[in-house]
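Only heavy atoms go into these numbers, but all of them, side chains included; no hydrogens, no water, no symmetry mates. To find a chain, count down the sequence lines: A is the first, B the second, and so on, and within it residues start at 1.
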Number of protein chains: 2
Amino acid sequence: MNKWCSSGGKKSYHHGNLRETLIECALDILKEGSLNDLSLRALARKVGVSQTAPYRHFEDKNDLIAVLKEEGLRKLGDSMRDLLITEKDPILRLQKLGLTYVEFAEKYPAHFKVMFEYELCDYEKYEALHEVSDNSFLCLQQTVNECLALPNARKIEPSIAQFGAWSMVHGLSVLLLNQSLLERMRAGNFSDLGDRNQIAEQVTKSFCDSLVNSIL
Amino acid sequence: MNKWCSSGGKKSYHHGNLRETLIECALDILKEGSLNDLSLRALARKVGVSQTAPYRHFEDKNDLIAVLKEEGLRKLGDSMRDLLITEKDPILRLQKLGLTYVEFAEKYPAHFKVMFEYELCDYEKYEALHEVSDNSFLCLQQTVNECLALPNARKIEPSIAQFGAWSMVHGLSVLLLNQSLLERMRAGNFSDLGDRNQIAEQVTKSFCDSLVNSIL
DNA sequence: CTAAGATATTGACACCGTAAACATTAAAAG
DNA sequence: CTTTTAATGTTTACGGTGTCAATATCTTAG
């Protein structure tokens with residue numbers, strides 16, 4: 001059968017690894033399809049299991065999506081937190097943080113879609129989500145603060161710079177993820193536009209530079 | 001019956017103004033609900049019309065949404081284009097353009113949701129959408145160029161500054177529209193955060209300032 | 001007044017989320 | 001090893017959804 005069916009190929013009553021398989025399969029659908037293409041029934045069908053089997057592993061559709069969101073937020077948060085250790089120069093780190101955000105959107109488009117294009121119904125219910133979400137923002141926040149503490153820093157309200165940094169990387173990711181938009185821009189008066197990574201690198205660098213006075 | 005039913009209150013076979021009523025009612029649903037709450041059937045029910053009546057006015061659900069998108073994009077584009085005439089100072093205009101974007105998200109949340117949270121299926125089909133969409137970007141583009149042509153401008157690749165400006169205002173709008181996120185930030189270590197407009201004003205100003213050298 | 005076109009309705013089909021009752025099997029208890 | 005029990009999966013069912021085809025009603029041009 002297909003690759004999502006139970007491990008041995010022989011059809012057993014118990015799948016054996018359904019929860020993980022459902023998650024992977026959901027991500028696989030999202031990778032190319034939109035959020036509308038993700039249905040529990042289609043998922044079950046693809047995995048070769050009955051329509052209600054997923055309910056043994058997820059309360060409801062929202063719950064599955066919350067799991068995907070959390071997984072994504074955790075990956076992103078971890079990548080960003082790593083930079084706190086590996087990159088000591090705040091300006092450079094800030095740029096790398098932004099690039100991480102953008103690269104994440106490119107590397108895990110399924111996660112990214114589910115993280116930001118899907119409004120969770122009862123958001124309050126998922127406290128874990130908030131914590132992981134805070135995690136990545138705190139990295140950005142701390143790094144911006146370090147940048148603003150540099151001797152040649154511009155005088156900017158920290159909370160504003162933090163909010164600005166977040167807005168920038170988030171907007172950048174969203175726009176860059178929109179393939180048809182990029183193509184359209186290249187077709188128009190934007191022929192000199194590089195690939196995604198080039199754009200991301202330059203835009204983030206430009207933002208980082210803007211926090212300090214380059215000419216003294 | 002309710003306010004969405006046909007004009008006179010008397011039930012006539014023909015509604016008389018169904019297309020517009022559907023649009024308004026859809027926006028009304030989106031104003032407080034999410035995109036999932038918008039269904040053609042619920043719409044028809046609310047308007048007091050049969051389930052398939054909307055199909056006389058819209059090819060399918062996608063088509064209705066495309067109309068809402070276009071309406072929103074046009075409103076936004078018009079507001080931005082106005083600024084090209086009324087505000088001559090490029091730096092000030094750039095900030096106002098950003099604010100317009102943010103204010104739009106606040107003033108027309110239904111339009112904004114549909115514009116940016118809903119991935120249209122066959123995007124290519126709706127050429128009109130692209131044109132109105134380009135319209136607002138061109139305003140931003142031109143204004144950024146004017147800013148960079150100022151004598152005290154920093155040396156930044158125009159296309160990068162344009163992309164950055166767009167990313168910034170877009171991300172800012174998205175984040176600001178997320179009410180629960182704002183509350184959470186205020187609850188955390190962000191107690192000094194002002195209201196949406198204050199944040200928007202400061203963040204956009206900060207970005208605009210970053211295009212020029214303040215100290216010479 | 002009548003024919004034609006626009007507009008709305010009914011009924012049908014295949015999906016979807018999800019709840020309840022039942023079946024199978026793996027794991028724990030004896 | 002057997003027996004109980006909890007975990008996992010299935011069947012059936014209900015109401016909601018997008019959308020199509022056939023039909024009915026109204027409006028308007030001739």
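- In this structure, CE in Met168(B) is found 7.0 Å from OG in Ser210(B), a value given to the nearest 0.5 Å.
- Of the candidate nucleotides dA19(C), dG11(C), dG18(D), dG18(D) has the atom nearest to the side chain of Tyr55(B).
- Between Arg41(A) and Ser50(A), the residue whose closest nucleotide on DNA chain D is further toward the 5' end is Ser50(A).
- Counting to the nearest Å, the P atom of dC20(D) and the CD atom of Glu59(B) are 9 Å from each other.
- Ion pairing between Lys31(A) and Asp28(A) holds under the 4.0 Å rule for side-chain N and carboxylate O.
- In this structure, CD of Gln51(A) is placed 13 Å from P of dA13(D), rounded to the nearest angstrom.
- Here Tyr108(B) and Phe112(B) keep their ring centres 6.0 angstrom or further from each other.
- Distances were taken from every side-chain heavy atom of Arg56(A) (C-beta onward) to each of dT8(D), dG16(D), dC15(C); the shortest belongs to dT8(D).
- When the nearest nucleotides of DNA chain C are assigned to Asn17(B) and Leu40(A) by heavy-atom distance, the more 5′-ward of the two goes with Asn17(B).
- Here dG9(D) is the nucleotide among dA8(C), dG9(D), dA13(D) with the atom lying nearest to any side-chain atom of Ala53(A).
- In the set dC16(C), dT19(D), dT18(C), dC16(C) carries the atom at the smallest distance from any side-chain atom of Arg45(A).
- Both Leu18(B) and Thr52(A) lie close to DNA chain C; mapped to their nearest nucleotides by heavy-atom distance, the more 5′-ward contact belongs to Leu18(B).
- Listed pair His57(B) / dA8(C) meets the phosphate criterion, a side-chain N or O lying under 4.0 Å from OP1 or OP2.
- Distance Glu20(B) CD to dT7(C) C1': 16 Å, rounded to the nearest Å.
- As rounded to whole Å, 13 Å separates atom C1' of dC16(C) from atom CG of Leu43(A).
- When the C1' atom of dC15(C) is taken as reference, atom CG of Asn36(A) falls 13 Å away, rounded to whole Å.
- Ser39(A) comes within 4.0 angstrom of sugar-phosphate atoms only, judged by non-hydrogen atoms across all strands, and of no base.
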Between Gln142(B) and Glu146(B), does a side-chain hydrogen bond (donor to acceptor under 3.5 Å, both in side chains) hold up when you go through it step by step?
CA-CA 6 Å; Gln142(B) 180 184 328; Glu146(B) 288 180 36; 3.1 Å; yes
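- The nearest whole Å value for the distance from the NZ atom in Lys46(B) to the C1' atom in dG16(D) is 17 Å.
- Within 4.0 Å of Gly48(B), counting heavy atoms only, lies no atom of the nucleic acid at all.
- dA19(C) atom P lies 8 Å from atom CG of Asp60(A), rounded to whole Å.
- In this entry the distance linking CG of Leu64(A) with C1' of dT18(C) reads 14 Å, nearest Å.
- Surrounding NZ of Lys113(B) are more than 12 heavy atoms belonging to other residues, nucleotides or ligands, all under 6.0 Å away.
- Neither OP1 nor OP2 of dT25(C) sits under 4.0 Å from any side-chain N or O of His15(A).
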